[in-house]
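Notes follow the structure.
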Protein chains: 2
Amino acid sequence: MNLSPLAQDFVLHFGEMGSRWGINRTVGQIYALLFVSQRPLNADEIAEALAFSRSNVSMGLKELESWRLTKLQHLPNDRREYFSAPDDVWAIFRTLAEERRKREIDPTLSMLRGAMLVTPGTDADRHAQARMKQMHDLIEMATMWFSDMQRLEPATLKQLMGMGATVTKLLEMKDKLKIVAGGKKARGLK
Amino acid sequence: MNLSPLAQDFVLHFGEMGSRWGINRTVGQIYALLFVSQRPLNADEIAEALAFSRSNVSMGLKELESWRLTKLQHLPNDRREYFSAPDDVWAIFRTLAEERRKREIDPTLSMLRGAMLVTPGTDADRHAQARMKQMHDLIEMATMWFSDMQRLEPATLKQLMGMGATVTKLLEMKDKLKIVAGGKKARGLK
DNA sequence: CTAGATTTTCAGTAATTACTGAAAATTCAA
DNA sequence: TTGAATTTTCAGTAATTACTGAAAATCTAG
């Protein structure tokens with residue numbers, strides 16, 4: 001691996017982290033490399049930099065494409081394909097979250113909804129169903145909220161996040177405003 | 001596996017899902033079983049229900065304990081240990097999130113912080129460092145926000161989530177209030 | 001078209017991870 | 001204490017997943 005120590009640490013770390021998620025080490029390393037690279041890389045360059053086989057790189061890139069995490073481009077007078085990671089880290093995060101939802105959350109919700117439709121035959125099943133409903137409701141709420149957030153402008157989202165728990169101050173304020181709502185409305189404060 | 005079809009679907013699904021995360025199939029199934037079970041189960045009962053070896057169950061339970069996801073208790077006149085999942089699904093979610101932060105986010109942040117301290121020798125390293133900073137800032141912001149949220153009362157959190165993107169209405173309202181702030185303050189609206 | 005360049009596929013193998021049974025360690029009632 | 005009940009450990013094996021090289025497929029300049 002002929003990378004600077006800085007890049008190498010990063011790449012190795014993401015390889016490790018990748019394997020803690022379902023993503024394999026190779027794929028994690030490839031993405032980390034693309035992420036820090038100044039310019040798009042072709043498959044041979046990646047194979048060279050990370051010292052694994054050309055075919056392994058091909059498979060890794062295919063996997064990353066299926067996650068919609070790479071940009072593909074061509075350079076003038078070069079038939080090879082060049083890969084890079086999107087510039088905007090928020091966009092990357094978003095894509096990752098969307099893709100995970102599609103692959104993991106949606107199937108889980110649909111399994112749980114299916115389970116809700118079964119008429120429980122035993123007491124144990126009645127209990128199991130109630131538990132599944134709790135889980136279903138939690139996941140559904142978190143997911144809906146998350147997709148709501150994703151629709152916001154990055155700037156707004158950042159502002160909200162920056163506020164952290166102080167958003168609750170706004171909530172309290174809203175409640176107080178309600179108490180004296182008539183007056184507010186009259187003065188055009190929505 | 002002598003479970004009702006309802007429970008079996010759930011258990012098998014979580015086995016699959018587990019293996020998509022770093023968690024192995026066995027562990028996922030054990031947790032799913034505990035989650036839907038009406039009463040705490042001992043290791044033999046789990047091994048029996050899921051049809052794997054006693055030692056495998058022992059390892060699986062140890063893994064779950066390391067994630068702080070199980071409750072351990074004893075029944076009168078029974079030396080065996082009985083395991084169950086916490087009742088509150090929010091609490092489970094929280095624990096999971098905390099534990100993942102400790103294991104995955106914190107080490108990543110510290111690696112990235114370390115990388116910030118290196119004096120870049122090349123142009124490529126300067127770029128890599130800038131990229132790592134972007135990632136660092138995103139992760140740090142998301143994490144801080146998340147831990148802020150965790151400190152809220154579950155009810156407040158639920159209220160906030162239920163509002164989804166409409167929290168931004170509050171933001172807009174706040175901005176408008178600022179414009180006429182003097183008046184508000186005078187009336188004790190904070 | 002065609003031939004060189006490039007990418008993908010895939011069967012075989014290597015590496016890793018999961019699982020088991022047997023043995024060791026621990027726990028606790030008597 | 002002791003010993004039966006219970007849990008944990010761990011070396012060996014099974015199963016799964018990752019990786020490679022070679023061959024096939026695809027692409028494109030001429």
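Each chain gets a letter, A, B and so on, in the order its sequence line appears, and its residues count up from 1. When reading the values below, keep in mind they use all heavy atoms of this one structure, side chains included, and skip hydrogens, waters and symmetry mates. Just so it is clear, the structure is predicted and the values come from calculations on it, not from any experiment.
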A:Ser53 side chain: which of D:dT9, D:dC19, D:dT20 is closest?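 Taking heavy atoms from C-beta onward, the closest nucleotide is D:dT20.
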
Can you tell which of C:dT9, C:dT6, D:dT7 lies closest to the side chain of B:Asp44?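 Given the options C:dT9, C:dT6, D:dT7, the side chain of B:Asp44 is closest to D:dT7.
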
Whole-Å gap separating [atom2] ([N]) and [atom1] ([X]):
X       : N      : atom1 : atom2 : result
A:Ile23 : D:dT17 : CD1   : P     : 15 Å
A:Asn77 : C:dA5  : CG    : C1'   : 15 Å
A:Ile46 : C:dT8  : CD1   : P     : 11 Å
B:Glu81 : C:dT26 : CD    : C1'   : 11 Å
B:Leu72 : D:dT7  : CG    : P     : 10 Å
B:Arg80 : C:dA29 : CZ    : P     : 14 Å
A:Glu45 : C:dT7  : CD    : P     : 11 Å
B:Leu61 : D:dT7  : CG    : C1'   : 10 Å

Check whether any side-chain heavy atom of [X] sits under 4.5 Å from a side-chain heavy atom of [Y], and report yes or no.
X       : Y        : value
A:Phe10 : B:Arg131 : no
A:Asn42 : A:Phe83  : no
B:Leu33 : B:Leu3   : yes

Nearest heavy atom decides the nucleotide; on that basis, is B:Met59 or A:Asn42 closer to the 5' end of DNA chain C?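 On the 5' side of the pair lies A:Asn42.
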
Would you name the heavy atoms of B:Leu6 and A:Ala128 that are closest together and state the gap between them?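 Looks like CD2-CB, 4.4 Å.
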
[X] vs [N]: side-chain N/O to OP1/OP2 distance below 4.0 Å:
X       : N      : result
A:Ser55 : D:dG21 : no
A:Arg54 : C:dT7  : yes
A:Lys62 : C:dT7  : no
B:Asn24 : C:dC19 : yes

Heavy atoms only, 4.0 Å cut-off, all strands: where does B:Arg25 land among base, sugar-phosphate and nothing?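 Sugar-phosphate: the residue B:Arg25, judged by heavy atoms under 4.0 Å, touches backbone atoms but no base.
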
Heavy atoms only, 4.0 Å cut-off, all strands: where does A:Asn56 land among base, sugar-phosphate and nothing?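 Base: the residue A:Asn56, judged by heavy atoms under 4.0 Å, touches a nucleobase.
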
Would you please test B:Leu61 and B:Ile46 for side chain to side chain contact (heavy atoms under 4.5 Å, CB included) and show each step? CA-CA 10 Å; B:Leu61 287 169; B:Ile46 297 170; 4.1 Å; yes

Less than 3.5 Å between a donor and an acceptor, one on the side chain of B:Arg79 and one on the base of D:dT6, is that the case here?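 Side chain to base: no pair below 3.5 Å.
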
